[in-house]
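First up is the structure itself, then whatever we jot down about it.
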Protein chains: 2
Amino acid sequence: MISSIAELISDRIGTMPAGERRAAQTLIANYPLTGLKTVAEFSTAAGVSSPTILRFVARLGFQNYPEFQSALQDELAAQLQSPASRTLDPSSTGGAASPMLEATLDNMRETFRHLTDKQLADIAARLAERRGKTFLIGGRFTDPLARYMAAHLAIIQPDVYHLAGQESIWRDRLIDMGKRDVLVIFDIRRYQESLVRFAEKAHQRGVQIILFTDQWLSPIARFARHVIAGRTAVPSAWDSSAALFVVAETLIGAVTRQLEAAGAKRIRDLESLR
Amino acid sequence: MISSIAELISDRIGTMPAGERRAAQTLIANYPLTGLKTVAEFSTAAGVSSPTILRFVARLGFQNYPEFQSALQDELAAQLQSPASRTLDPSSTGGAASPMLEATLDNMRETFRHLTDKQLADIAARLAERRGKTFLIGGRFTDPLARYMAAHLAIIQPDVYHLAGQESIWRDRLIDMGKRDVLVIFDIRRYQESLVRFAEKAHQRGVQIILFTDQWLSPIARFARHVIAGRTAVPSAWDSSAALFVVAETLIGAVTRQLEAAGAKRIRDLESLR
DNA sequence: GGAGCGCTGTATCTTATGTTACGTATTTTG
DNA sequence: CAAAATACGTAACATAAGATACAGCGCTCC
């Protein structure tokens with residue numbers, strides 16, 4: 001049963017065209033506030049035109065935009081009035097422990113709250129497909145995440161490549177990329193120009209892009225087939241990539257399970273590793 | 001100081017005429033949703049006319065109605081994202097969400113429960129000391145964590161090196177290491193022989209070792225000055241490094257703060273980065 | 001009890017928002 | 001590779017929203 005608009009969206013996001021999917025992702029990333037703004041604001045936030053927004057809400061089953069906004073407001077009202085379930089904290093940690101830890105845990109819950117099992121399953125299925133090659137790359141601080149994921153994926157399937165080093169090096173690798181291939185990109189603020197350029201070129205070649213970004217969405221989102229928006233705010237001078245890290249681990253686990261279920265011969269060797 | 005519109009209202013409600021007071025009460029009673037609707041809806045809800053609503057928001061200091069609504073939305077956005085009021089009701093996200101996530105969150109709480117603030121502060125202080133060089137290295141799956149930490153530390157202080165590549169390469173770097181230096185090692189099961197050998201030799205040269213490992217403790221622990229034991233068990237074919245990742249981020253934040261407090265000139269340039 | 005002031009609502013106007021139609025670009029299919 | 005179908009954006013349109021002017025009413029204070 002579908003009880004919230006967010007669920008409704010993640011349920012149908014797979015059947016949406018690119019533009020509407022971007023609208024959906026933008027809304028989910030900052031749910032539900034973007035939906036309470038005007039069509040014009042929503043459209044610029046998502047980087048699409050107003051009609052696309054209207055088509056998006058129409059596809060969700062609403063007659064018009066105001067009706068959609070009313071639904072969001074009703075939902076929000078219910079949420080705000082719910083028996084202030086705050087302080088639910090198991091207090092096993094005592095709360096006071098570390099503000100950094102608390103913020104990180106919240107980021108993870110929030111990140112996964114906007115991420116449905118189906119989305120994860122879809123992405124994992126795409127990664128488990130063995131049609132083409134898998135490339136991974138990240139930005140200044142997120143490249144280690146790309147490496148981490150690559151280190152695992154490379155064991156359970158062939159043709160997994162981490163793109164390292166200078167921009168010129170990976171730009172040349174574009175030659176190897178085509179429609180059947182997948183590119184996993186990690187990009188959080190401040191978004192890197194070089195990565196955006198690279199993503200655009202890869203997209204032009206038909207490469208399917210899976211983007212790990214923050215809640216404000218890297219500009220790469222416009223080229224991406226799948227977008228994972230993780231929360232990054234913590235009481236520190238730096239942004240936190242921990243939520244994205246956990247999503248990555250979850251995906252690694254999911255891909256492994258799928259390949260296992262498919263009986264890939266390579267997986268049996270895994271046993272000897274453990 | 002007045003931080004929310006609700007406070008602003010209750011502050012001035014005494015000076016308002018009857019009609020506007022009804023508007024104020026209606027808004028407070030269903031805060032802030034009534035304020036997000038149209039003027040017409042607001043007015044009928046309060047049982048007054050539209051101009052009264054507009055006079056009401058004008059009295060609060062807003063130039064026009066949209067400006068008032070934007071302020072409410074900003075407030076709501078902050079509220080929805082702040083950890084305290086997050087409703088993450090156990091029914092919708094709860095338990096069922098992702099066993100992977102739940103296990104990871106547990107791991108983090110457990111990891112930090114066995115990690116005192118003092119330990120973290122001590123380690124951060126050691127890393128913030130600028131007496132010698134800082135080297136970081138990790139195992140097959142944990143090396144990305146070493147990279148991640150190195151990427152951050154290298155910005156806020158000089159002489160931070162990540163040891164990459166073949167074993168022979170970093171073995172030769174031992175020549176550069178001495179009593180004043182720190183070596184951060186990440187090593188979880190299955191513990192790597194090469195890392196143990198390396199740690200032992202570094203230890204013999206007087207290098208202080210900070211070890212990130214799992215709860216069963218890598219053999220390197222016997223050489224380490226500080227040991228951080230993170231929980232790694234998750235329902236997956238792989239172990240999770242997420243808890244260690246969060247500890248690493250916490251340390252990065254702590255080191256940054258300490259250097260900031262010490263007024264390190266290098267830190268001031270950080271501003272330009274953000 | 002009467003005059004002045006202030007609050008409130010009705011009606012009108014203006015703005016900008018949501019909507020629709022249509023041509024172009026892109027993707028999919030045979 | 002060609003043709004059809006689908007998706008997207010530009011621009012014009014209609015509508016509903018917020019803003020304003022003005023008159024009526026109640027209240028207070030002399």
Side-chain angles (χ1 to χ4, degrees), chain A residues 9 12-27 33-73 126 131 178-181 199-209 219 221-226, chain B residues 12-27 32-73:
Chain A
I9 292 169
R12 301 197 187 170
I13 196 170
T15 70
M16 292 181 189
E20 297 177 31
R21 196 177 311 135
R22 291 180 61 194
Q25 282 158 353
T26 307
L27 175 57
L33 275 153
T34 308
L36 297 178
K37 300 185 184 292
T38 66
V39 174
E41 284 172 307
F42 192 163
S43 67
T44 54
V48 298
S49 67
S50 321
T52 300
I53 299 297
L54 296 174
R55 282 188 283 263
F56 164 66
V57 304
R59 191 182 298 264
L60 292 178
F62 297 97
Q63 293 298 323
N64 49 31
Y65 195 71
E67 183 182 307
F68 164 71
Q69 287 192 319
S70 297
L72 280 180
Q73 288 187 0
R126 185 63 192 85
R131 294 190 314 174
K179 286 188 207 294
R180 312 165 72 87
D181 302 327
E200 181 169 13
K201 282 179 189 139
H203 174 68
Q204 285 168 358
R205 298 184 61 89
V207 179
Q208 285 199 10
I209 294 178
R222 66 180 308 142
F223 310 121
R225 181 79 179 73
H226 297 282
Chain B
R12 302 197 188 172
I13 197 171
T15 70
M16 291 181 188
E20 296 179 32
R21 197 175 306 144
R22 289 184 67 185
Q25 282 163 349
T26 308
L27 176 57
L33 273 152
T34 309
L36 296 178
K37 299 182 183 296
T38 66
V39 174
E41 285 172 306
F42 192 163
S43 67
T44 54
V48 298
S49 68
S50 326
T52 300
I53 300 298
L54 296 174
R55 281 189 281 263
F56 164 67
V57 303
R59 192 182 297 265
L60 291 178
F62 297 98
Q63 293 298 322
N64 49 31
Y65 196 71
E67 183 181 306
F68 164 72
Q69 286 192 321
S70 296
L72 281 179
Q73 287 189 1

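Convention: sequence-line order gives letters A, B, ...; per-chain numbering from 1.
- Between B:Phe56 atom CZ and B:Thr26 atom OG1 the span is 9.0 Å, to the nearest 0.5 Å.
- Distance A:Gln204 CD to C:dT27 P: 10 Å, rounded to the nearest Å.
- In this structure, NZ of A:Lys37 is placed 17 Å from P of C:dA16, rounded to the nearest angstrom.
- If you measure from atom CG of B:Asn64 to atom P of D:dA17, you get 17 Å, rounded to the nearest angstrom.
- Put simply, CZ on A:Arg21 is 11 Å from P on D:dA7, counting in whole angstrom units.
- Comparing atom distances between the A:Pro66 side chain and each of C:dC7, C:dG18, D:dA7 picks out C:dG18 as nearest.
- Residue pairs meeting the salt bridge (charged side-chain N to carboxylate O under 4.0 Å, His left out) criterion with at least one member in residues 35-52 of chain A: none, sequence neighbours excluded.
- Summarising the geometry of B:Thr34 relative to B:Tyr65, their closest heavy-atom pair is O-OH, 4.3 Å, with the distance given to 0.1 Å.
- Note: OH (A:Tyr65) to C1' (C:dA16) measures 14 Å, nearest angstrom.
- Of the residues in residues 45-59 of chain A, A:Pro51, A:Leu54 come within less than 4.0 Å of DNA chain C through at least one heavy atom, sorted by number.
- Protein atom CD of A:Gln69 is 10 Å distant from nucleotide atom C1' of C:dT17, rounded to whole Å.
- For the residue pair B:Gln73 and B:Leu36, the shortest heavy atom distance occurs at CG-CD2, 3.7 Å.
- For the pair A:Arg12 and A:Arg21, the minimum side-chain heavy-atom distance is 4.5 Å or more.
- In this structure, A:Ile9 and A:Ala24 approach most closely via the heavy-atom pair CG2-CB, 3.6 Å.
- Here the P atom of nucleotide C:dT19 and the CZ atom of A:Phe62 are 13 Å apart, to the nearest Å.
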Working for side-chain contact (heavy atoms from CB on, under 4.5 Å), residues B:Ile53 and B:Ser50: CA-CA 5 Å; B:Ile53 300 298; B:Ser50 326; 5.6 Å; no
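- Across C:dT8, C:dT19, D:dG18, the shortest atom-to-atom separation from the side chain of B:Ala18 is found for C:dT8.
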For a quick check, with a 4.0 angstrom heavy-atom cut-off, what is the B/S/- contact string for nucleotides 23-29 of chain D, read 5' to 3'? -------
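- Residue-to-nucleotide proximity on DNA chain C shows that, of A:His203 and A:Gln63, the 5′-proximal contact is made by A:Gln63.
- Per the geometry, CD belonging to B:Glu20 stands 10 Å off C1' belonging to C:dT8, to the nearest Å.
- The shortest side-chain heavy-atom distance between A:Gln69 and A:Val57 does not fall under the 4.5 Å cut-off.
- Between B:Met16 and B:Leu60 there is a side-chain heavy-atom pair separated by less than 4.5 Å.
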